[in-house]
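All remarks here apply to the structure that follows.
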Amino acid sequence: MTSEQKALFIIFGGTGDLAQRKLYPSLFNLYKQGYLKEHFAVVGTARRPWNDERYQEIVRNSISGMEVTAKQANEFSSHFYYQAHNVNDTDHYETLRKLADELDSKYELEGNRVFYLAMSPQFFSTICQHVKTQGLVTENGYNRVVIEKPFGHDVKSATELNESINQYFPEKDVYRIDHYLGKEMIQSIPALRFSNNIFNALWNYRYIANIQITLSEALGVEERAGYYENAGALRDMVQNHILQTVAMLTMNAPTMYTDQDIRKEKISALKALRVYDKDGVKQNFVRGQYGPGNGQVGYREENQVAPDSQTETFVAGRIFVDNMNMAGVPIYIRTGKRLTKKETRIDVVFKNAPYNIFGSESLKRNILSFKVEPNPGMELRLNGKEVNFDEYRIQSMHLRHSHGEDTRSKMPVGYEKLLYDVLQGDSASFSHWEEVYYSWRFVDAVRQAWDEEKLSQEEFQNYTCGSMGPQAAKELLKEDGNEWYFRPDEN
Ligand code: NAD
């Protein structure tokens, strides 16, 4: 049943790209569905000297591509208020507090506040400090802080950031966003694993041969080169989205499907990641950088990129979660920019039957695929009998499920689901600090090994735009007698 939520959102970075492209449309969807009605207000803060009218116009623009009537757009945007504010300036928090208190009584918000930090991470700690010390947190309602990625850039910086946030907000009130966790098919992993005994029984090293995770992007760095040069694919995608996906695929069954129990198991899975030494990184990781091709320039020719940049735009790796259930199962991961197509998918590859009674032709693998995007769905590859009467032959069959048009149109986009969860106080789809810590611990080891060994021009620029990455990413699986099952470059 749809129940109305009461809350004040204070969005730091209210004029920014994330706020306009993701947050306002997501809030509008919650509004259309009746989760937000009369009792909500949004304060956008940023440096620009806008007023409420200008801000409301921006909000209406950001939802203009959606199904919305003029009346809805006006009513929705009338809940939005703007406060020009420099987050480093203590006095501004006083004005913000007064506005927040006024809106609290005007809309009867019962002291519930969501502080959304849609700004560069360098400001996270000062905002938390000021919000707390300048009296913006309430006594009567909840006070939740939503933090965007990246959460630090290594164990050290993440720990410092966490410690400084925890001085003002306890862990239970910190919601670290990883928008992948809001995606429908990522959320479907526990449902499939733990509500079907066929998978519950088979989900371990005895039956799973390997797991393959691909997050491929067709775009290059676009306008984000400045940020990307200092991040690279490892920090930008592996530390968060890919390792969170690994945790969902390898965690043990939670006692119950509650945020506390799920987080406990995810932390255990990430703690069990095998951390490599330098040789281990060399044997198990591949880095790449896109070179020119297919009408696109190479990474080093992009604006704001150093001509001898050592930043990787592609990562592939073989990783292990050393726990009782998954020990020894290689988990192959890869992500990169300027690959063949934009797609996220997971292939869980099962071992073959112990003996092939059908003769010499080898049996195809059973594979369970989660198609995360762009077309959410699932597929199970089985072997079955080929239809003929001369010879008994086995052929591969695909059982496919994809949600119908109707369901798809109702599917929440990532941010909408996550914002709803924040209002509900459900932190299952947000990263707990310990998950972040163990992910960075793993990633730091790879980063350190790479930083110590610079690559030459020929070693980098090692894949062409539009391919599926460097040849070495294919070799990585070949060494184990395996292959990537998702091969859009061969279609
Ligand atoms: P942006 O540069 O578009 O917006 C930054 C906002 O911060 C602007 O509103 C700006 O006015 C405000 N700001 C900057 N300095 C300020 C100051 N001193 N005082 C007050 N306001 C100030 O950035 P963005 O793309 O919206 O990203 C925001 C955060 O979200 C970042 O942490 C980013 O990593 C993260 N993120 C963004 C996206 C995305 O799609 N844009 C996706 C994932 C994560």
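Residues take their numbers from the sequence shown, with the count starting at 1. In listed order, ligands and their atoms are each counted from 1. Side chains included, hydrogens not; waters and symmetry mates left out as well; all remaining heavy atoms used.
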Can you check whether Thr45 has an N/O within less than 3.5 Å of an N/O in ligand 1? no
Where at least one partner belongs to residues 114-141, residue pairs that pass ring pair (Phe, Tyr, Trp, His ring centres under 6.0 Å), sequence neighbours excluded: Tyr93-His130
Any idea how Phe76 and Phe28 line up, ring-wise: parallel (<30°), tilted (30 to 60°), or perpendicular (>60°)? perpendicular
Determine the minimum heavy-atom distance between Phe486 and Met468, stating which atoms define it. CE2-CE, 4.2 Å
In the protein, what heavy atom is nearest to atom 33 (C) of ligand 1, and what distance, to one decimal place, separates them? Lys149 O, 3.6 Å
Any nitrogen or oxygen of Phe123, main chain or side chain, under 3.5 Å from a nitrogen or oxygen of ligand 1? no
Please determine if Lys22 has a nitrogen or oxygen closer than 3.5 Å to a nitrogen or oxygen of ligand 1. no
In terms of relative ring orientation, are Trp50 and Tyr55 parallel, tilted or perpendicular, with 30° and 60° separating the classes? tilted
Give me the nearest non-hydrogen protein atom to atom 10 (C) of ligand 1 as residue plus atom name, then the distance to 0.1 Å. Thr15 OG1, 4.0 Å
Distance-only N or O hit between ligand 1 and Pro121, under 3.5 Å: no
Is the contact between Arg48 and ligand 1 made by the side chain, the backbone, both, or neither, using heavy atoms and a 4.0 Å cut-off? neither
Taking atom 4 (O) of ligand 1 as the reference point, the nearest protein heavy atom with its distance: Gly16 CA, 3.3 Å
Would Arg263 and Phe430 count as a cation-pi pair here, with the cationic atom under 6.0 angstrom from the ring centre and within 45° of the axis? no
Using the ring of each side chain (for Trp, its six-membered ring), is Tyr290 parallel, tilted or perpendicular to Tyr299, with breaks at 30° and 60°? perpendicular
among protein heavy atoms, the one nearest atom 6 (C) of ligand 1 is Gly13 CA, 3.6 Å
Below 3.5 Å, N or O to N or O, backbone or side chain included: is there any such pair between Met119 and ligand 1? yes
For atom 2 (O) of ligand 1, is some protein heavy-atom partner under 4.0 Å away? no
Distance filter under 4.0 Å to Val87 heavy atoms, resulting ligand 1 atoms: 17 (C), 18 (N), 19 (N), 20 (C)
Proximal ligand 1 atoms for Arg21, defined as those under 4.0 Å from one of its heavy atoms: 39 (C), 40 (O), 41 (N)
Using distance alone, decide if ligand 1 has a nitrogen or oxygen within less than 3.5 Å of any nitrogen or oxygen in Asn86. yes
Check Asp178, Leu243, Ile177 against Ser431 for a side chain to side chain contact (heavy atoms under 4.5 Å, CB included) and give me the one that passes. Asp178
SB check Lys98 Glu102 (cutoff 4.0 Å): no
Verify the contact flag for atom 23 (O) of ligand 1, where contact means a protein heavy atom under 4.0 Å away. no
Asn462: what forms a side chain to side chain donor-acceptor pair (under 3.5 Å) with it, not counting sequence neighbours? none
Give the atom numbers and elements of ligand 1 that come within less than 4.0 Å of a heavy atom of Pro150. 34 (O)
Give the residue, atom name and distance (to 0.1 Å) of the protein heavy atom nearest atom 20 (C) of ligand 1. His85 O, 3.0 Å
Aromatic Tyr180 / basic Lys183 pairing, under 6.0 angstrom, 45° off normal: yes
Ranked by distance from atom 43 (C) of ligand 1, the top protein heavy atom is Glu148 OE1, 3.8 Å
Ala46 contact mode with ligand 1 (heavy-atom cut-off under 4.0 Å): both
Hey, does Asp17 come in under 3.5 Å of ligand 1, counting only N/O atoms on both sides? yes
For atom 27 (O) of ligand 1, what is the closest protein heavy atom, and at what distance to 0.1 Å? Leu18 CB, 4.2 Å
I'd like to know if the side chain of Thr258 reaches the main chain of Asp261, judged simply by a donor and an acceptor atom lying under 3.5 Å from each other, with no hydrogens or angles considered. yes
With a heavy-atom distance limit of 4.0 Å, tell me whether Arg47 approaches ligand 1 through its side chain, its backbone, both, or neither. both
For Leu234, is there any backbone N or O sitting under 3.5 Å from a side-chain donor or acceptor partner on Gln239? no
Any sub-3.5 Å donor-acceptor pair from Arg334's side-chain atoms to Phe314's backbone N or O? no
Which of the atoms of ligand 1 are close to Ala118, meaning less than 4.0 Å from one of its heavy atoms? 28 (C), 29 (C)
Can the positive tip of Arg224 be found less than 6.0 Å from the middle of the six-membered ring of Tyr228, inside 45° of the ring normal? no
For ligand 1, find out whether one of its N or O atoms is nearer than 3.5 Å to an N or O atom of Asn88. no
NZ/Lys32: more than 12 non-hydrogen atoms of other groups inside 6.0 Å: yes
Any non-hydrogen atom of Gln20 lying under 4.0 Å from ligand 1? no
